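Small disclaimer: the values here were computed from a predicted structure and weren't measured. Computation of the quantities below employed the complete heavy-atom set of this structure, encompassing side-chain atoms and omitting hydrogens, waters and symmetry-equivalent molecules.
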Amino acid sequence: LVESGCRVTLLDTIPDPTGATPFLTPTGKPFEAGTRGFWKDYPNIENLVAELGLREEDVFTEFTPSSFFSPDGLEATAPVFSGTDFPELPSPLGQIFATFDNFKRLPLADRASMSGLLVAMLDFTSDSETFEAYDRMTAHELFIRCQLSPRLVEDFIRPTLLVGLFKPPEELSAAVTMELLYYYALAHQTSFDVRWIKSRSISESIIAPLSQQLSRQYPGALTVRGSCRVSQLGLGETDLIASVKYQDFNNGGKEEELNDIDACVLALGSKGMKGVMSASGPLARVAPELAKASSLGGIDVLACRIWLDTYVPTDTPANVLSRYPSLRGAGGTFFMLDQLQPDSAALWGGGTPQGSVLACDFYNAGALLPMTDQDIIELLIKELLPSAVPGFKAAKPVDSFVARYPGAVSWFSPGSLASRPPLQTSVPNLVCAGDWVRLGKREHGAKGLCQERAYVSGLQAANTLTENGIVNSVGEHPVIPIRDDEPQVIAGRAVNKFVKSVFNPLGLKPDWLR
């Protein structure tokens, strides 16, 4: 929008949305709300990094393997395919052969039952009616109907979904679940390759350079107001967005107002949408789709960081914890930041490094949120971490920090598709952005809880305003598609479409659809 000649005001509840001021714990150490990966098919974020004049090797780590742990020990290791000597084979053959020895406990017969999902994978995007039918179904129900083995689901797929979509299969849309599995695992042999921020935080490494570049190239065009919560959107005489009211917590929560607005981009999750729509009655009248979006739920997340008195070696820097009763239904991860980020002094807030630094995140964490900070740290130090890696038994925490984010993450619940906000609302000068937004004719291949999808949705929100004539621009901002589907997938979908055209008129549909 700034590049199109607009004057833009950004309102955000975090203190400094520009990334220039890092978030620090009370003891002065750096903290980031959740550790987020950058997968192989993130072309637009990679292009942004290039446009900022940054080198990928300075911003991101190498692609790293990941380990999955349970109370029984190591369950599986996700390898790295990019840059290895292993030949790239057609999907899913490449993944099957390359990971043959990576599952430590799951029998081959259980892994083979995953094939029951392949026909549904070819079918669920065949048309909008079919996709909606899959969306109404839970992933758990689909797995049963496709005859996936209970052990495959419990030991591998459930843990994967808990850290991928932050909910167990019985609480997830089957359609979005298959979008996630395809995008991150099945589209290509290298789809699951993931890397991480190499220094400090995403805000400091990418957002801050972006903010600085926009301010330098377009002086005065961008105004950023942190610690401000939007409370109400007001309509003008023609039922267009004309004003935005917000609370400025830099000024004791005083209510402020922006007037004479030409356009508005709502980049809110369900929790923020609920707050805005509850105070925007006239908008709810003309944009009922936003009122529906405000009815959707969010997922509770808990993030903590631990500084240890000794270094603990691990086989992989990224790790998943699953099936522990003490997780209370949550999915867990721990990341060895000292292995991912070479600047140890920065991890210790400029102090003398003493040992490993861990980022530990819990998703679907509603039952963990009431626990005290001390109990959460003790759960990690005394039970979860030593169970996964025995070396943690000798380590003691020097410092720690815990943060809770109730209802902060998009929940793709069964049947939620129809209620998710659209890119273009019923109000011509109001568009939406975020990973939960339905992009319509501008749909992109990045799916699920995904930084790439969130970024693309922002670009497409601005492009939509340009298309509508709300913003005068020489052209739309380019959006890079992900890699094309492989030939065998394209052929399989064509065969599926032909079979459906023959049998659907006879009332014959797949057993798992109704």
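Remark: Ala187 pairs with Tyr182, Ser191 by the side-chain contact (heavy atoms from CB on, under 4.5 Å) rule, at least two apart or across chains. With sequence neighbours left out, the ring pair (Phe, Tyr, Trp, His ring centres under 6.0 Å) criterion links Phe69 to no other residue. In this view, Gln339 and Thr314, Pro317, Met336 satisfy the side-chain contact (heavy atoms from CB on, under 4.5 Å) rule, not counting sequence neighbours. Shown here are the side-chain contact (heavy atoms from CB on, under 4.5 Å) partners of Ala284, two or more places apart in sequence or in another chain: Met277, Ala291. Residues satisfying the salt bridge (charged side-chain N to carboxylate O under 4.0 Å, His left out) test with Asp155, not counting sequence neighbours, are Arg151, Arg323. In terms of the side-chain contact (heavy atoms from CB on, under 4.5 Å) criterion, residue partners of Asn463 (sequence neighbours excluded) are, by chain and number, Arg442, Gln460, Glu476, His477, Val479.
Applying the salt bridge (Lys or Arg N to Asp or Glu O under 4.0 Å) rule to pairs touching residues 337-349 yields nothing, sequence neighbours excluded. Within the structure, side-chain hydrogen bond (donor to acceptor under 3.5 Å, both in side chains) contacts touching residues 365-374 (residues at least two apart or in different chains) are Thr372-Asp375, Asp373-Arg404, Gln374-Glu378. Residue pairs meeting the salt bridge (Lys or Arg N to Asp or Glu O under 4.0 Å) criterion with at least one member in residues 27-42, sequence neighbours excluded, are Lys29-Asp399, Glu32-Arg36, Asp41-Arg483. The salt bridge (Lys or Arg N to Asp or Glu O under 4.0 Å) analysis of residues 202-226, with sequence neighbours excluded, yields no pairs. Identified under the side-chain hydrogen bond (donor to acceptor under 3.5 Å, both in side chains) test for residues 47-57, with sequence neighbours left out: Asn47-Glu51, Arg55-Glu57, Arg55-Asp58, Glu56-Arg195.
Between the side chain of Ser211 and the main chain of Ile207, no donor-acceptor pair closer than 3.5 Å is present.
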* Could you go step by step and tell me if Phe166 and Trp411 meet the ring-ring contact (aromatic ring centres under 6.0 Å, His included) rule? -> CA-CA 8 Å; Phe166 297 4; Trp411 177 8; over 10 Å; no

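One distance of note links SG of Cys304 with CZ of Phe401; it measures 10.5 Å at 0.5 Å rounding.
Contact between Ala395 and Val312 at its shortest, heavy atoms only, is CB-CG2, 4.0 Å.
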For residues 227-234, dump all side-chain donor-acceptor pairs below 3.5 Å to protein atoms at least two apart in sequence or in another chain.
from, atom 1, to, atom 2, distance (Å)
Ser231, OG, Lys245, O, 3.2
Gln232, NE2, Ala279, O, 2.7

